[in-house]
Amino acid sequence: MAANPLGEEKSPAQSRGVTPARIAAIAALAVIVIALLVIAFGGNGKHKYTLLFQNASQLVRDNQVLIGGQPVGSVESIDLTEDNLASVNVSVGQELHEGTTAVVRATSLSGVANHYVTISPGPNSNPTLEDGATLGLANTTTPVDLDQFFNTFPRPVRQSLGKFIRGWAQFYAGRGKDGSGNRTYKFFGPGLNRATAFVRELNADQRLFSRFVVGSSKFATAIAARGDELSSAVSNASTAFGAIASQNVALSRTLRLLPPVFRQGNTTFVNLRAALDDLDPLINTAKPATKELAPFLREFHPVLSRAVPVFKDLRLTVRRPGKANDANELFGVLPAVQKSASKAFPHSEDAIAAFQPNLNFARAYTPDIFNGFAKLGQVTGYYDANGHYARVQFSNLNLFDYNEGAGALEPIPPSQQYDAFGGSAGVKRRCPGGATQPAPDGSNPFVEPPFAGSGVTAAQCNPSDLPPGP
């Protein structure tokens, strides 16, 4: 054995470096290792519970158990109870409390083994559930599978539903590429929202809703009594929908234009609200004036009733069966009439211009002409034993000449009958108003002057040519 340095001797414990601090650290490390072994191989930190469902809902072993959307465990086993219930044994990494509920859900309707269990824990203030505790049917919800839902319908209904689904598949075939199908479903959510609001309004007034249901029942009874008419209506509706389906492109374009129309309509109605506010002063001002409106309408109602035949005849005037017998056909030929009249009117204007002097001449003699016709019966008012007679002066017609020596009328040759009306003739035409004796106020004969506008002067007629008498 070698000698110790410096001549010192040490004990065996001091030669291995063992101290109380090292002994305490080794003991603590051992405690930690034992705790980890207990956690890892002992309890594993899991709590086991049994969930009772009406059926297993296509759950399989190792399906996830979620709390708040986060995986906290899995399904360990599935058993069948004596009363034909599904006993689902799960293990979760969290203690559960009384009031906990469990629901079986599916990630999609088209899957088979894609179900999972979601747990809604009870309040932490409630008592803790012991490991192995069972949640009965009162705390679990079994989903209804799509197959179960379809199996509730009769076979003909299921077949028709299958055809309906296949028809929609054909309708949307190829629509996913351009995104039109997704744009269609974009409005599905707002539609459900509006439907929810509609149902909420129905539930707001139960009495009114009950009246609606009773009225609908009576309506359905009345429809059932008219089965033949309803069948005809359904057939006609089918024809109408077929016609609409044939215009699929136009209908799609119309539906695309509807949202802008509704937005514009909304803007219009908003502006209309302000316009109605501006109308309030007008309505308040018009109220006194409308007091007599009701009596007027009562009096006007018979007029409208009697006017119905008038409007019916007016309708026939506008359009009547047949040819060339209504205003519609008249308006159709008016362009041709206008074309012909446009050629005739210039000549008519020339004729009117040429006739204007004659009209100016005759205008001053209008009273004489009408009085002659009006008093034609008075001329023959004289009568004797032979009956009525008239006094006629043929000399003024320049047909006869009076022979004072013989005291008789002598015929004037036709070649000389118009000499008296020539430019150098001494006999002039009678003045306007000269067919009767002068009036006391001097209003006839009507010559210019003194009467402006007569158009006949004293040089053109003989004012002294008046019938004898006062």
On a heavy-atom basis, the closest approach of Val65 and Val75 is CG2-N, 4.1 Å
When rounded to the nearest 0.5 Å, the distance separating CD of Glu130 from OH of Tyr49 is 9.5 Å
Rounded to the nearest 0.5 angstrom, the CG-CD distance for Asn360 and Gln356 is 4.5 Å
Using a 6.0 Å cut-off, check whether atom CD of Glu229 has over 12 heavy atoms from anything other than its own residue. yes
Separation between CD (Glu95) and CG (Asn124), nearest 0.5 Å, reads 10.0 Å
Taking atom types as modelled and ignoring hydrogens, do the side chains of Ser252 and Arg256 form a donor-acceptor contact shorter than 3.5 angstrom? yes
Tested for side chain to side chain donor-acceptor pair (under 3.5 Å) against Ser91, the lone hit among His47, Glu76, Lys46 is Glu76
Practice prompt. Check the side chains of Ser77 and Asn89 for a donor-acceptor pair under 3.5 angstrom, ignoring hydrogens and angles.
Written response: yes
When every non-hydrogen atom of Ala364 is compared with those of Pro367, the smallest separation belongs to O-CD, 3.7 Å
Subject >> Flag, side chain of Ser235 to backbone of Ser231, donor-acceptor distance under 3.5 Å >> reply: no
Between Glu98 and Asn126 the two heavy atoms that sit nearest each other are O-ND2, 2.7 Å
Output for pair (Asn139 CG, Leu52 CG), nearest 0.5 Å, gives 10.0 Å
- Query: With a 4.5 Å heavy-atom cut-off, do Ile352 and Phe355 have their side chains touching?
  - Reply: no
If you define the side chain from C-beta out and look only at heavy atoms, does anything of Ser238 sit under 4.5 Å from Val234? no
Other residues, nucleotides and ligands only: do more than 12 of their heavy atoms fall within 6.0 Å of CZ on Phe153? yes
Taking Arg363's backbone N and O only, do any of them form a donor-acceptor pair with Thr366's side chain (distance below 3.5 Å, no angle check)?
yes
Of all heavy-atom pairs linking Tyr116 and Gln64, the shortest is CB-O, 3.4 Å
Main chain of Ala245, side chain of Asn248: is a donor-acceptor contact present, judged purely on distance under 3.5 Å?
no
Rounding to 0.5 Å, atoms CG (Asp205) and CZ (Phe212) come to a distance of 13.0 Å
Tightest non-hydrogen contact, residues Gln54 and Leu85, listed as CA-CD2, 4.1 Å
Check: Under 3.5 Å, is there a donor-acceptor pair between the side chain of Asn236 and the main chain of Ser232?
Finding: yes
Beyond-backbone contact of Ile78 with Arg61, side-chain heavy atoms, under 4.5 angstrom:
no
Asn151 and Arg158 have their tightest heavy-atom pair at O-NH1, 4.0 Å
**Report entry** Check against side-chain contact (heavy atoms from CB on, under 4.5 Å), Val104 and Asn55
**Finding:** CA-CA 10 Å; Val104 177; Asn55 56 69; over 6 Å; no
One should read off an interatomic distance between Leu59 CG and Leu51 CG, to the nearest 0.5 angstrom, of 9.5 Å
_Between Asn271 and Thr267 (side chain of the first, backbone of the second, donor and acceptor by atom type, cut-off under 3.5 Å), is there such a pair?_
yes
Short question: side chain of Ser342, backbone of Lys339 - any donor-acceptor pair under 3.5 Å? yes
query: Hey, are the side chains of Thr141 and Thr101 touching, using non-hydrogen atoms and a 4.5 Å cut-off?
result: no
Check: What's the verdict on side-chain contact (heavy atoms from CB on, under 4.5 Å) for Val88 and Thr140, showing C-alpha distance, side-chain angles and the deciding distance?
Finding: CA-CA 11 Å; Val88 180; Thr140 61; over 6 Å; no
*Quick check: does any side chain N or O of Ser160 sit under 3.5 Å from a backbone N or O of Pro156, one acting as donor and the other as acceptor?*
yes
Practice prompt. With the side chain counted from C-beta on, respond yes when Ile119 and Val72 share a heavy-atom pair under 4.5 Å apart, and no when they do not.
Written response: no
